[in-house]
Amino acid sequence: MNTENYDVIVIGGGPIGLATAYHLGKRKAKTLVLEQFTFVNQLGSSAGVSRQFRIPYPQEYMVQMALDAQPYWDALEKETDTALLDKVGTLWFGDPAVHSTEGNIAEAEEALKALGVPYTTLTAKEIEEKYHFKNLPENYTGLFQADGASINFKATNETLLELCKKEETVQLEENSPVLIIKQSGELFELTTPNGIYIAKKIAIIPGPYINSVINLLDFKIEATYWNMSSAYFKKADPGIQYPTWFVFQNAIGENGNQFYGFPSVDWDHPEYIRVAPDFVIDPLQEPSDRTLIPNPQELGYTSDWVKQHMTGLSTEPEYTSTCLIALSKIANKELLIDFAPSYVPNHKNIVLYATGWAAKFTPFLGKIMSDLALDGHTDFDITPFQLGYKYFRAI
């Protein structure tokens, strides 16, 4: 096997890994991307074709991150003839007392106010009149933020892949899982089925498969795994349209009761509206437990919610799919952006992104990760995303 040397090896060729490689290439760093499957696959967190871009968050630092991400999306769209964002706005509504995986409506309003982000408050009646929902409890409230968008995530992934191919210093290798990581002084030696590669720095970005890589460095992240379901519902009224939205509701029994949805878009079953549950009935213990078949109970709950609360749609789910996501077990820590813990040799030359819903930050995270890899720091404050060594576990 040939042994090649690189400035940075990026482990994981999903959208965020490719965004990292793209920014590394712009700085002329000799970069290798190792993807264990094929590029633009459906086996990780980038499965499916659409994601939500939104600014509302209950934490000011997350609102700021969304604001900071916007110009990076604008710059990426200039590199392609395909529109990547369909700006339809973000609607958050539901029980104002509920705290969910997405946060809380009132806390999000406070964070938006603090950073001067415009939004509109809504009553249950106004939500029904303006946005085609029905039978909402009178105590439901909402907010609408006009900068929200539906992301053409498949096109985003493909755009980043093509941009990486154009960068002279970026090499792409698919079907190349990392099997062994050895260290020799300050260099890393990575073994894959296709070769042995040497690098000064490594950026670990394999989505939900994070532990399969960092276990090779003798540590792991405490995470749980959701095999999230999704379905499309045909529009009975072709003219009906929805924004991107999320509803906050109290759980029913042991099952979740949060749902979210998308508008109809030209790139993805335009005669349909996508609706999905923001919960899973049975979390997975390991990524290898995933299935491409959605949980029928989760789809059943979603169909019932559509029937009860949405107008102009059929109630039979079609074009179903799943998406695998890793979530940190540490409270209030959605995203992890950090160096390896200090007990790992050469830890300052190992950067990683893991866990959480991050599609909305894709091009910006690429910039952050590339700067961390090359410079050892970033202008963006990553303090809220640094877990510290005590939240990792040595193995």
Side-chain angles (χ1 to χ4, degrees), residues 7-29 31-33 44-46 51 53-55 57 59-77 79 84-85 115 151 153 156-157 159-161 163-164 167 169-170 199-208 210 213-214 221 325-326 328 332-341 347-388 391-392:
D7 295 318
V8 184
I9 293 179
V10 178
I11 304 174
I16 296 172
L18 291 174
T20 300
Y22 170 57
H23 282 284
L24 289 169
K26 288 173 69 175
R27 294 183 60 180
K28 304 307 176 186
T31 303
L32 171 66
V33 182
S45 299
S46 58
R51 292 292 186 276
F53 176 84
R54 45 99 170 180
I55 295 176
Y57 272 97
Q59 307 94 350
E60 287 182 34
Y61 65 83
M62 292 298 291
V63 173
Q64 186 61 57
M65 190 173 187
L67 294 172
D68 289 343
Q70 284 183 307
Y72 288 89
W73 279 110
D74 294 341
L76 187 61
E77 282 197 299
E79 299 291 341
L84 301 180
L85 299 183
L115 292 174
I151 305 171
F153 207 45
T156 299
N157 206 351
T159 296
L160 288 166
L161 180 62
L163 290 173
C164 285
E167 291 292 343
T169 62
V170 175
K200 300 173 185 176
K201 313 279 186 81
I202 54 176
I204 304 175
I205 317 172
I210 181 72
V213 177
I214 64 175
I221 291 169
I325 185 77
S328 171
N332 301 319
K333 294 289 185 180
E334 180 181 333
L335 310 182
L336 167 59
I337 307 168
D338 211 342
F339 297 95
H347 72 105
K348 281 296 186 179
N349 289 325
I350 305 168
V351 297
L352 55 90
Y353 157 72
T355 74
W357 291 276
K360 63 188 73 66
F361 307 122
T362 294
F364 184 40
L365 270 173
K367 170 64 172 172
I368 292 171
M369 293 296 291
S370 64
D371 287 348
L372 287 172
L374 291 181
D375 304 327
H377 62 84
T378 172
D379 292 337
F380 179 71
D381 182 13
I382 63 169
T383 304
F385 311 106
Q386 292 178 292
L387 297 191
Y391 295 118
F392 296 99

* Is it true that F385 and Y353 have ring centroids separated by less than 6.0 Å? -> no
* Asked: Which heavy atom in V170 sits nearest to a heavy atom in A21, and how many Å separate them?
  -> CG2-O, 3.5 Å
* Asked: Going by an N to O cut-off under 4.0 Å, is there a salt bridge joining D68 and K367?
  -> no
* **Interatomic spacing from NZ in K360 to CE in M62 - rounded to 0.5 Å** => 6.5 Å
* Asked: Are any of the side-chain heavy atoms of Q64 and Y57 separated by less than 4.5 Å?
  -> no
* Asked: Would you say the side chain of V351 lies within less than 4.5 Å of the side chain of K201, judging by non-hydrogen atoms?
  -> no
* Asked: How far apart are the C-alpha atoms of E167 and T31, what are their side-chain angles, what is the distance that settles it, and do they pass the side chain to side chain contact (heavy atoms under 4.5 Å, CB included) test?
  -> CA-CA 10 Å; E167 291 292 343; T31 303; over 6 Å; no
* Please work out which of the three classes, parallel, tilted or perpendicular, describes the rings of F364 and F380, given edges at 30° and 60°. => perpendicular
* Asked: Can you find a pair of side-chain heavy atoms, one from L352 and one from V213, that are under 4.5 Å apart?
  -> no
* **Non-hydrogen side-chain atoms of I210 and L336 separated by less than 4.5 Å** => no
* Heavy-atom donor-acceptor pair, H23 side chain to P363 backbone, under 3.5 Å -> yes
* Asked: For the atom pair CD1 (I205) and OG1 (T20), what is the distance rounded to the nearest 0.5 Å?
  -> 3.5 Å
* Apply side chain to side chain contact (heavy atoms under 4.5 Å, CB included) to I337 and L372, showing your working. => CA-CA 10 Å; I337 307 168; L372 287 172; 3.8 Å; yes
* In Å and rounded to the nearest 0.5 Å, what is the CG to CG distance from D7 to L24? -> 8.5 Å
* Structure fact -> On a heavy-atom basis, the closest approach of L115 and E60 is CD1-O, 3.4 Å
* Asked: Does Q386 reach the main-chain N or O of D338 with its side chain, forming a donor-acceptor pair under 3.5 Å?
  -> no
* Provide the closest heavy-atom pair for L365 versus A358 in the form atom of the first, atom of the second, distance. => CD1-CB, 3.7 Å
* To do: Show your working on side chain to side chain contact (heavy atoms under 4.5 Å, CB included) between D379 and D371 and close with a plain yes or no.
  => CA-CA 8 Å; D379 292 337; D371 287 348; 5.7 Å; no
* Return yes when atom CG of D375 has more than 12 non-hydrogen atoms of other residues, nucleotides or ligands closer than 6.0 Å, and no otherwise. => yes
* Is a side-chain N or O of T383 found less than 3.5 angstrom from the main chain of D381, in a donor-acceptor match? -> no
* Test item: W357 side-chain N/O and E334 main-chain N/O as donor-acceptor pair under 3.5 Å -> no
* To do: List the atom of K200, the atom of N349, and the distance in Å for their closest heavy-atom pair.
  => O-CB, 3.7 Å
* Structure fact -> Heavy-atom closest pair (S46 atom, F153 atom, distance to 0.1 Å) is CB-CE2, 3.7 Å
* To do: Report the distance from atom OG1 of T362 to atom OH of Y72, rounding to the nearest 0.5 Å.
  => 14.0 Å
* To do: Grab the two heavy atoms, one from R51 and one from A359, that are nearest each other, plus how far apart they are.
  => CG-CB, 3.5 Å
* At what distance, to the nearest 0.5 angstrom, does NZ of K28 lie from OG1 of T169? -> 6.0 Å
* Does T355 reach the main-chain N or O of A326 with its side chain, forming a donor-acceptor pair under 3.5 Å? -> no
* Sub-4.5 Å side-chain heavy-atom contact between V10 and M369 -> no
* Asked: Roughly how far, to the nearest 0.5 Å, is CG of L76 from OH of Y22?
  -> 7.0 Å
* Asked: Can any side-chain N or O of E79 pair as donor or acceptor with the backbone N or O of T159 at less than 3.5 Å?
  -> no
